[in-house]
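Working notes, structure below.
The figures that follow rest on heavy atoms only: side chains count, while hydrogens, waters and symmetry mates do not. Below, chain A is the first sequence line, B the second, and so on; all start at residue 1.
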2 protein chains.
Amino acid sequence: MRRGPGRPPSSHAQRAIRAAAARLFARHGYSGTSVRDIAAGAGVDPALVNRHFGSKEGLFLATMSVDEDFRGLVDGPLGELGRAILTRVVTRMDGPGGGVFAALVGALALPEVRAHLARSTDEHVVGPLARRLSGPDADLRARLVGAQLHGLLFSLHVSPDPELAQRPRAEVLDAYARALQALIDDPTA
Amino acid sequence: MRRGPGRPPSSHAQRAIRAAAARLFARHGYSGTSVRDIAAGAGVDPALVNRHFGSKEGLFLATMSVDEDFRGLVDGPLGELGRAILTRVVTRMDGPGGGVFAALVGALALPEVRAHLARSTDEHVVGPLARRLSGPDADLRARLVGAQLHGLLFSLHVSPDPELAQRPRAEVLDAYARALQALIDDPTA
DNA sequence: GTCTATACCTTGATAGAC
DNA sequence: GTCTATCAAGGTATAGAC
């Protein structure tokens with residue numbers, strides 16, 4: 001939180017609302033969390049939530065982001081990039097990020113949530129990857145890697161496949177990495 | 001609709017409610033469609049909806065299913081199965097099925113919706129595919145093909161990537177089919 | 001500027017009349 | 001079998017206290 005002139009200091013209530021919202025949204029989703037629940041969790045009056053964040057949607061957008069989970073995902077040697085991408089993203093998402101991703105998917109009916117997920121994926125994954133790939137259709141292949149990534153996160157955290165979730169992560173990542181690598185490698189080489 | 005003894009005939013109102021619900025849920029999602037909207041679209045009283053289908057959730061489950069879109073998806077020669085799966089599912093989902101899938105994902109907060117999507121994927125895709133695959137980890141590889149499938153449908157219909165959606169379908173399917181095939185082929189062969 | 005109390009509207013659901 | 005009346009929950013806006 002930046003303080004200083006030109007920006008009002010965030011009150012204790014604001015921080016408490018943020019913390020309660022981050023916890024409840026990640027755990028129970030957007031529609032499963034009421035503004036009154038968040039206010040109760042933060043120990044403040046329900047009206048304060050909209051006072052500080054404009055609306056329930058505004059608070060959701062202020063607290064739920066996958067930018068930190070996606071940043072830097074496609075750095076590293078191209079030859080083993082599939083495995084590297086999956087190791088990083090799954091490790092991060094096994095923390096609180098998994099709930100954040102699931103909450104975002106559950107709130108995709110909100111246009112701003114759609115925009116956030118699309119922008120974050122483009123900015124941190126598809127864009128940087130497309131610039132690094134060689135061979136034909138680099139942009140298309142990078143976008144499909146993004147689709148694969150969403151597919152695995154979906155099956156682990158949004159609509160969890162129990163059999164998949166219980167297996168040793170290393171086995172799952174090794175197998176899925178082969179599929180990612182099939183799009184990362186130059187098909188003409 | 002089957003008629004006959006032992007089964008009460010479905011009234012005109014029931015059919016009208018079904019039709020309106022299928023259209024509105026697929027177009028505006030679960031939370032974006034109110035029971036009153038559906039009743040208005042069907043030209044009936046709002047109370048009739050819950051009278052006939054128990055609840056909004058009951059009506060949703062009675063009208064939104066991907067069984068028809070997923071059935072028979074993994075039939076055909078193993079050597080080109082990746083391409084065949086994608087051609088079939090994308091063709092079907094470019095019709096009304098795309099909206100149905102998106103609506104189901106948007107309603108995954110409901111446990112019964114989760115169960116339906118998991119069961120349908122297992123019954124029509126993962127199960128039959130696992131029984132056909134040779135080589136190690138057949139079950140794991142089949143589950144990951146399911147994850148890939150969800151990933152593409154997600155990027156085409158749930159959180160649509162405009163660049164991906166506008167490209168010629170053949171290009172997209174050819175490239176993604178390589179990634180599916182990497183899990184279908186026996187890795188030790 | 002920060003917080004509280006309160007009221008309003010939409011929506012899912014139900015009870016009971018006809 | 002169908003409709004009217006009504007309730008509870010929840011998102012939102014506003015008036016006013018401190």
Between A:Ser11 and A:Arg15, is there a side-chain donor-acceptor contact under 3.5 Å, judged purely by atom types and distance?
no
Are any side-chain N or O atoms of A:Ser155 and backbone N or O atoms of A:Leu152, one a donor and one an acceptor, separated by less than 3.5 Å?
no
With a 3.5 Å distance limit and no angle check, can you tell me whether A:Gln181 reaches the backbone of A:Leu78 through a side-chain donor-acceptor pair?
yes
Atom pair [atom1]/[atom2] of [X] and [Y] - distance to nearest 0.5 Å:
| X | Y | atom1 | atom2 | value |
| --- | --- | --- | --- | --- |
| B:Leu117 | B:Glu112 | CG | CD | 13.5 Å |
| A:Asp69 | A:Arg88 | CG | CZ | 13.5 Å |
| B:His124 | B:Asp67 | NE2 | CG | 4.0 Å |

Give me the bend of the helix from C:dG1-D:dC18 to C:dC18-D:dG1, using the axes of the five pairs at each end, rounded to 10°.
10°
Is there a path of hydrophobic side-chain contacts, each under 4.5 Å between heavy atoms of I/L/V/M/F/W/Y residues, joining A:Val126 to A:Leu108?
no
Among residues 108-116 of chain B, which residues get a heavy atom nearer than 4.0 Å to DNA chain D?
none
Taking the six-membered ring for Trp, are the ring centroids of A:His157 and A:Phe101 within less than 6.0 Å of each other?
no
Between B:Arg143 and B:Asp122, is a side chain to side chain contact (heavy atoms under 4.5 Å, CB included) present by the stated rule, with each step listed?
CA-CA 8 Å; B:Arg143 289 186 185 281; B:Asp122 256 45; 3.6 Å; yes
All N/O contacts under 3.5 Å from nucleotides 6-13 of chain C to the protein, with atom names and distances to one decimal?
unit_1, atom_1, unit_2, atom_2, d
C:dG12, OP1, B:Lys56, NZ, 2.8
C:dG12, OP2, B:Val35, N, 2.7
C:dG12, N7, B:Arg36, NH1, 2.8
C:dG12, O6, B:Arg36, NH2, 3.3
C:dA13, OP2, B:Lys56, N, 2.9

Protein-nucleotide distance ([X], atom [atom1]; [N], atom [atom2]), rounded to Å:
| X | N | atom1 | atom2 | value |
| --- | --- | --- | --- | --- |
| A:Arg15 | C:dC3 | CZ | C1' | 16 Å |
| A:Arg51 | D:dG11 | CZ | C1' | 16 Å |
| A:Leu48 | D:dT14 | CG | P | 16 Å |
| A:His28 | D:dA9 | NE2 | P | 18 Å |

Give the intermediate values and the outcome of side chain to side chain contact (heavy atoms under 4.5 Å, CB included) for residues A:Glu171 and B:Leu140.
CA-CA 9 Å; A:Glu171 286 180 21; B:Leu140 171 62; 4.2 Å; yes
Positive for side-chain contact (heavy atoms from CB on, under 4.5 Å) with B:Leu81, one of B:Leu180, B:Leu129, B:Val145:
B:Leu129
Are any of A:His52's side-chain N or O atoms less than 4.0 Å away from OP1 or OP2 of C:dC3?
yes
